[in-house]
Amino acid sequence: MLTQAPKGTHDILPDEIDKWYYVEKKFAEICSRFGYREIRLPVFEHTELFQRGVGETTDIVQKEMYTFEDKGGRSLTLRPEGTAGVVRSYIENGMSSWPQPTKLFYNITAYRYEKMQKGRYREFHQLGVELFGAKDPSADVEVISLMVLFFNSLGIKNLTLNLNSIGCAECRKAYNQMLKEFLADKIDNMCENCRGRINRNPMRILDCKEEGCRTYLKDAPSLLDNICDDCREHFEKVTQGLQDIGIPYEIDKAIVRGLDYYNRTVFEFVSRNIGTQGTVCGGGRYDTLIELCGGPPTPGIGFAIGVERLLLEMESQGIQIPSRPGPDIYLGSIGEQADRLCERLAWDLRSKGITCIKDIMGRSVKAQMKYADKLGARYALIIGDNEVESNKASLKDMKTGESRDISLDTLIDRLIKKREND
RNA sequence: GUGGGUAUAGCUCAGCUGGUUAGAGCGCCAGGUUGUGGCCCUGGAGGCCAUGGGUUCGAAUCCCAUUACUCACCCCA
């Protein structure tokens, strides 16, 4: 236990950190291209926020939250997702009086007490955006196009964009009634899960994968076919907008999204080759959430990308991520005098912005060269008594293997010049 | 929460139906004559065989439990 990371967490080691930087940087870049600015929020919030914001009936709130009491007796919860916190901040900081719309993006860890499997962790990373104040369908299109551009910029192909509209509260009320009537004579023969859902959240029944239930559901009315005129028009404009810019999508009447706050447009990007947890990205519109949390009535829309799944997908597509170059130079030394000289040289080089590694192990020249090679150093310099005397040394190019005598006084200038040429 | 699989060196794995000092490759460290990496060669370190019980003359190997990892259901990013 002492030497084991908690279940569902994982270390990101130096060898893989470049991938993370790469993806995060790309995301920030694309977001700012659309005018989204980054927001950083606390890892924990008042438990109440998630109960209200995510929804009491959801699996997340009912059984997956990391909730604890602090020493002041407050009930706090590690965020299970990003939207609720952003909404809280939007209200608390009066963002409704900022120039509208408010466009935010974030890069967070999130926490859910879940049983692990491929692509599903208890601590996981999400990249997401939230757009407040725009109810127009073109906001939906913008957010979706941002994601597509992001995936494209990473070279990811073959993700399916699944799209649906789950209508507004009005349509859903009417639809739930319709669904209940449709199921009235069937529900007793359906699975336990469905029987529980019939009163709590009838729509979720459509999601059931049980063979038996599926046959009963074959002719069930779909929500999308029964949404109100306003919602229908909204959805049609969204699909039209996507067609206008050539973004392919599939209508999937089954996606409902597991969080209560969604309405109208919901969508996800799904992969077929990273296991059963194939949803790389999920999101949708939430026009009542801000008000529900105590803010002014404000429409909103957003999505979150699961970074672990994104990286899995990139790996499965064989996408190479450029890794950081090695140090500009390795300074090796033999003996105490030489080491002192290296110490000064290293300081000067680093002060000038040159990446420089010097020996601190007191190893043999051969061992030092091997080390320089493993680090991927561009150049290597070995300082011994002779070099201390003459203030000259031979600079070795680790790529070509060629060496050249140079004066130590000109080392920095030379390295800067060489780096520009590379 | 339900079910399946797995657990031997830092990593990837051998170790057959129980038999004495537990193995390989990679990695790490050190050497292969004077102060220079990659290839090659040699040597070394590193394992209470996940933990705890049992069966047996004898267990890494068989049985049980625990824990962890993993995959699937559920749900989701």
Side-chain angles (χ1 to χ4, degrees), chain A residues 1 3-10 13 15 54 57-64 79-83 108-128 147 191-194 196-197 201 204 207-211 255-259 266-271 274-284 302-313 326 330-335 338 359 361 363-387 393-403:
Chain A
M1 283 313 243
T3 55
Q4 197 157 30
K7 197 187 189 75
T9 67
H10 60 106
L13 301 175
D15 278 349
V54 176
T57 67
T58 59
D59 278 11
I60 293 177
V61 169
Q62 283 184 350
K63 48 189 194 196
E64 293 179 354
R79 61 182 168 217
E81 55 96 53
T83 303
I108 61 169
T109 52
Y111 303 84
R112 292 181 200 169
Y113 189 84
E114 299 213 57
K115 190 112 180 220
M116 288 200 47
Q117 61 187 291
K118 192 177 174 75
R120 202 176 70 183
Y121 309 93
R122 289 184 173 179
E123 179 187 63
F124 58 103
H125 296 72
Q126 289 189 328
L127 299 170
M147 266 187 306
C191 75
E192 196 187 325
N193 237 323
C194 289
R197 283 166 172 161
N201 197 347
R204 289 276 192 84
D207 240 2
C208 188
K209 271 117 194 157
E210 293 274 333
E211 278 289 328
I255 50 172
V256 175
R257 309 262 86 231
L259 289 75
V266 292
F267 52 85
E268 52 190 31
F269 282 80
V270 182
S271 157
I274 57 171
T276 55
Q277 306 302 314
T279 307
V280 173
C281 173
F303 67 78
I305 295 165
V307 184
E308 283 84 359
R309 290 182 189 176
L310 181 72
L311 291 173
L312 275 175
E313 177 63 20
Y330 176 86
L331 295 182
S333 60
I334 313 153
D359 174 64
M361 296 285 281
R363 284 192 280 215
S364 70
V365 172
K366 180 170 183 161
Q368 292 189 55
M369 289 303 290
K370 279 190 175 182
Y371 183 57
D373 184 51
K374 281 170 204 159
L375 294 175
R378 186 67 187 81
Y379 295 96
L381 197 70
I382 299 289
I383 309 281
D385 290 341
N386 297 341
E387 286 78 4
S394 82
L395 182 67
K396 181 163 187 174
D397 183 325
M398 297 295 279
K399 252 184 219 160
T400 63
E402 286 163 10
S403 295

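Naming convention: chains lettered A, B, ... in sequence-line order (proteins, then strands); numbering from 1 in each chain.
Residues Q277(A) and L312(A) form no side-chain contact, since every pair of their non-hydrogen atoms from C-beta on lies 4.5 Å or further apart.
Contact annotation: S364(A) does not reach the phosphate of G35(B) (side-chain N/O to OP1 or OP2, under 4.0 Å). Under 4.0 angstrom from either OP1 or OP2 of A77(B) there lies no side-chain N or O belonging to T279(A). Put simply, Q126(A) has no side-chain N or O that comes within less than 4.0 Å of OP1 or OP2 on A77(B). A close approach under 4.0 Å does occur between a side-chain nitrogen or oxygen of K374(A) and OP1 or OP2 of C29(B).
Cation-pi geometry between R363(A) and Y371(A) is met: under 6.0 angstrom from the ring centre, within 45 degrees of the axis.
Contact annotation for Y121(A): base contact, defined as any heavy-atom pair under 4.0 Å involving a base atom.
Residue-to-nucleotide contacts include a donor-acceptor pair under 3.5 Å from the side chain of N386(A) to the base of G35(B). For U36(B), the base has no donor-acceptor partner in the side chain of K370(A) [N/O atoms by modelled type, under 3.5 angstrom]. Interface remark: the K396(A) side chain does form a donor-acceptor pair with the G37(B) base, using a distance-only criterion of under 3.5 Å. A donor-acceptor contact under 3.5 angstrom links the side-chain atoms of E387(A) to the base of G35(B). No hydrogens or angles were tested; on distance alone, nothing pairs the side chain of R120(A) with the base of A77(B) as donor and acceptor under 3.5 Å. For K399(A) and G37(B), a side-chain-to-base donor-acceptor distance below 3.5 Å is absent, hydrogens and geometry of angles not being considered.
In this structure, R309(A) contributes its side chain and G119(A) its backbone to a donor-acceptor pair below 3.5 Å.
In plain terms, the two heavy atoms of C281(A) and F303(A) that are nearest each other are SG-CD1, 3.7 Å.
Residue side chain Y371(A) fails the stacking definition with respect to G37(B), as its ring centre and the base's six-membered ring centre are not both under 5.5 angstrom apart and under 30 degrees in plane angle.
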